[in-house]
Amino acid sequence: MINVIRARIHQKHRTIRFPDAPPPAMPERFRGRPRIDATRCRDGFRICAAACPTNAIVFADGKPLVIDLGKCLFCNDCKLACPEAAISHSTDYRLAVRQHQDLILEPDAALVLAEELGGKMKKLLGRSLKLREVSAGGCNACEADVNVLGTVGWDLGRFGIQFVAAPRHADGLLITGPVTQNMKSALLDTYTAIPEPKIVIAVGSCAISGGPFIDHQEVNNGADSLLPVDLYIPGCPPHPLTILDGLLRLFGRVDDTKIALKKGE
Amino acid sequence: MTTPSELLTTGTGRAVAFEKIPRHDLAAFQRIVRREIEGGQRVASFFGSDTGEPGGIDLLMVLANDEDGQLNILSARVEGNSFPSMTPDCNQVHLFEREIAEQFGVRPEGHPWLKPVRYSDPSSLPGSGDFYQVEGDEIHEVAVGPVHAGIIEPGHFRFQCHGEHVFHLEIALGYQHRGIEKALVEQPVKRALHYAETLSGDTTIGHATAYCQLIEALSGCKKTVRAQALRGIALEFERLANHIGDLGALAGDIGFLPTASYCGRIRGDFLNMTAVLCGNRFGRGLLRPGGAGYDLDAAQVDNLLKRLDLGEKDAASAIELMFDAPSVLARLEGNGILPAEICQTLGIVGPVARASGVQRDVRHDHPSGIYRFAQLPLPSWNSGDAFARGYVRWLEIKHSIAFIRDQLHALPAGEIHTATGPLKPGCLAVSLVEGWRGELCHVALTGEQGNVQRYKVTDPSFHNWAGLAHAMRGEQISDFPLNNKSFSLSYCGHDL
């Protein structure tokens with residue numbers, strides 16, 4: 001018993017104070033929201049698009065270039081390919097949006113981050129959100145970083161958000177993975193078993209677009225090919241802070257004025 | 001005695017001309033394999049390959065001789081739609097033969113339990129079809145999954161029980177099948193590294209190392225010692241994060257909450273050390289064929305050494321607490337015993353094998369990269385129970401921390417990347433890496449144009465799931481979560 005107490009004192013209190021205080025600093029090399037410097041991009045010089053493993057970089061509608069954050073793996077391939085350094089990564093972890101089309105990142109436009117749920121849903125779920133998680137393909141990295149939110153460092157329970165063991169107990173579904181053909185029916189069954197009203201959250205590039213496995217015949221290119229999705233959280237995998245930020249935005253719990261980012265981000 | 005013409009002897013990370021691999025008739029192939037396995041070798045990989053010749057497929061086997069640090073390769077031609085199964089007297093090929101049947105429609109006649117491995121044919125789903133059944137009064141079946149109670153990958157477990165007593169467990173996987181092996185051949189090369197990184201997300205560094213070593217072997221690229229040291233550091237950080245997280249989860253399944261909650265956080269601290277290396281907690285982007293994608297400067301080395309010291313103290317405080325608690329030991333000791341001879345028979349790898357006293361470790365037996373210069377002690381335990389599977393990982397944690405500290409203190413100077421050229425045509429290379437779960441084996445074959453013609457991945461989980469099923473025999477079904485966690489196997493690494 002004395003050892004248990006000794007260890008308890010050694011391990012201290014470690015829960016982050018976000019969102020009431022600024023979030024923990026991101027790693028120096030963290031690859032967050034991409035920055036596009038359109039002035040550096042030479043017209044017709046499309047080497048970044050050719051290098052992108054998931055074709056997330058698109059030149060369309062006369063615009064210089066846009067990045068589909070739903071497909072983006074937040075890798076370095078475009079940055080390494082571009083001799084003009086037109087694309088770089090900021091350490092901004094805030095990426096969650098409510099609409100699929102809001103995932104398109106344009107050079108000079110700000111990202112339309114997720115708005116809070118409407119009146120009735122916020123009233124129903126704002127203080128108690130029970131989620132069922134379905135891992136539907138993918139690589140288990142998104143699952144790992146969703147799990148992290150349950151540790152003492154993040155303590156998701158303090159927001160009334162909890163992962164439950166039965167769909168009947170759930171208010172919504174959190175989906176990871178591209179939805180493999182072999183998980184499609186289990187996913188749809190789980191969705192059906194959750195009582196109305198319910199929300200669906202897609203975490204990670206796989207669950208949004210198919211991610212690295214996009215267009216494989218074994219997968220369904222993400223959850224919204226099958227179900228209505230209310231929140232998209234991009235990343236491969238998204239940082240736990242990106243996931244937490246997305247969940248809290250649903251309830252209007254994030255005050256962007258309290259978040260100090262590096263200059264210019 | 002092995003005559004030179006029967007086997008091609010090579011090592012990890014070396015390219016050999018495909019035409020030099022001995023090609024036997026099927027009977028001779030099976031005779032040689034049986035003899036070599038009886039002599040102590042084990043099957044690292046066994047797979048089919050369609051070389052374009054009509055009317056059959058090639059079978060290729062990579063045998064590992066752990067004693068001498070050698071890999072032995074041989075092949076055979078299968079004409080027609082079937083071949084005699086080796087599984088009845090050579091158990092460790094049981095899943096490989098099922099895989100060959102599923103991928104090529106070639107039937108291993110006499111296989112005792114021929115079912116698909118991944119249910120890649122859309123007409124049937126994993127969990128469908130026959131399961132092994134026990135019959136009798138009061139025998140009942142318990143079916144669990146694919147969706148589980150927590151945030152866990154999908155898999156289906158079918159128990160044959162009498163009350164709490166488990167007679168048999170059959171595990172059906174394939175839910176995570178996303179066609180990576182095929183895509184590594186058919187999709188543009190620019191995706192290949194990302195496939196390697198997502199074969200099993202918690203083994204990003206391990207599988208990316210295995211992939212990079214193959215490309216380097218096939219293109220004749222020599223990487224710098226500094227790049228090799230960075231890879232070794234990253235591989236051990238990956239081992240640390242997973243071992244610490246799993247020991248916490250093991251404590252959680254026992255209901256010993258202090259260790260469970262501390263280790264959950266400490267695991268994150270180690271993932272964040274990987275993020276110091278490359279910005280990503282799982283090591284995405286850290287490796288590139290030819291070396292590393294990121295270097296370390298002196299300030300980052302200092303930062304990592306400080307974090308490592310803190311992490312070491314926190315981990316020791318949390319984990320020693322668990323192994324000092326009689327209530328924890330009472331739940332672990334004697335639970336889910338996997339005897340050493342079963343490990344040998346099934347070809348079990350990694351910490352699970354070492355916990356049963358079977359000392360195999362790629363870092364020790366088939367070293368590549370930095371492990372040729374810096375050796376880690378090889379901890380093992382003899383009891384083969386859930387305790388041993390946990391305790392061996394605690395011993396490994398201590399060695400990995402010491403290894404990283406040594407490497408950070410003496411990081412070799414030099415570049416971190418060497419350019420890779422085109423792949424040599426008509427070659428085969430094998431790459432072995434000791435991931436945190438055990439041996440990762442990647443094999444690639446190049447065609448006449450130097451394109452990858454066949455890519456074979458064997459995750460340690462492919463060998464070890466059968467070990468979990470075996471360890472559960474005679475145990476209580478309520479001990480399944482505990483034993484499952486003590487094996488800690490990958491679903492996606494198996495399903496590819």
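Letters A, B, ... are given to chains in the order of the sequence lines, protein chains preceding strands, and every chain is numbered from 1. Everything numeric in this text was worked out from a predicted model, so none of it was measured. Any value given below was found using the heavy atoms of this structure, including those in side chains, with hydrogens, waters and symmetry copies removed.
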Proximity breakdown for [X] and chain B, heavy-atom pairs closer than 4.5 Å:
| X | result |
| --- | --- |
| A/A166 | neither |
| A/L174 | neither |
| A/P167 | neither |
| A/N76 | side chain |
| A/V4 | both |
| A/C52 | backbone |
| A/I214 | both |
| A/E143 | both |

In sequence, state the C-alpha distance, the side-chain angles, and the governing distance for A/R14 and B/D314, and then conclude on side chain to side chain contact (heavy atoms under 4.5 Å, CB included).
-> CA-CA 12 Å; A/R14 304 285 191 126; B/D314 287 355; 3.4 Å; yes
Using a cut-off of under 4.5 Å on heavy-atom pairs, state which of A/H216, A/R6, A/R8 scores highest against chain B.
->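 Most heavy-atom pairs under 4.5 Å with chain B: A/H216.
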Which of the residues A/L80, A/D145, A/D215 is involved in the greatest number of heavy-atom pairs with chain B at under 4.5 angstrom?
->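 Counting heavy-atom pairs under 4.5 Å, the top option is A/D145.
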Residues 183-193 of chain B vs chain A, non-hydrogen distance cutoff under 4.5 Å, contacting residues -> B/A183, B/Q187, B/K190, B/R191
Under 4.5 Å from a heavy atom of chain A, the part of [X] involved:
| X | value |
| --- | --- |
| B/F282 | side chain |
| B/K313 | both |
| B/A318 | both |
| B/E320 | neither |
| B/R281 | side chain |
| B/V276 | backbone |

Is a side-chain N or O of A/T180 found less than 3.5 angstrom from the main chain of B/Y175, in a donor-acceptor match?
-> yes
Just by distance, do the side chain of B/D202 and the backbone of A/N140 share a donor-acceptor pair under 3.5 Å?
->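 Not confirmed, B/D202 side chain does not pair with A/N140 backbone.
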Quick check for you: to the nearest 0.5 Å, what is the distance between [X] atom [atom1] and [Y] atom [atom2]?
| X | Y | atom1 | atom2 | value |
| --- | --- | --- | --- | --- |
| B/I151 | A/R132 | CD1 | CZ | 10.0 Å |
| A/S135 | B/Q176 | OG | CD | 4.5 Å |
| B/N280 | A/F74 | CG | CZ | 11.0 Å |

Kindly state each residue pair satisfying side-chain hydrogen bond (donor to acceptor under 3.5 Å, both in side chains) with at least one member in residues 149-167 of chain A, sequence neighbours excluded.
-> A/K130-A/Q162
Heavy-atom check, side chain of A/V148 versus side chain of B/R267, under 4.5 Å = yes
Show me, pair by pair, the donor-acceptor contacts under 3.5 angstrom made by side chains of residues 184-195 of chain A, not counting sequence neighbours?
{"residue": "A/T190", "atom": "OG1", "partner": "A/A186", "partner atom": "O", "Å": "2.7"}
{"residue": "A/T192", "atom": "OG1", "partner": "A/L188", "partner atom": "O", "Å": "2.7"}

Side chain to side chain contact (heavy atoms under 4.5 Å, CB included) between B/R288 and A/D77: does it pass, once the steps are laid out?
-> CA-CA 11 Å; B/R288 306 192 76 76; A/D77 293 357; 3.5 Å; yes
side-chain hydrogen bond (donor to acceptor under 3.5 Å, both in side chains) partners of B/R284, counting only residues at least two apart | B/T204
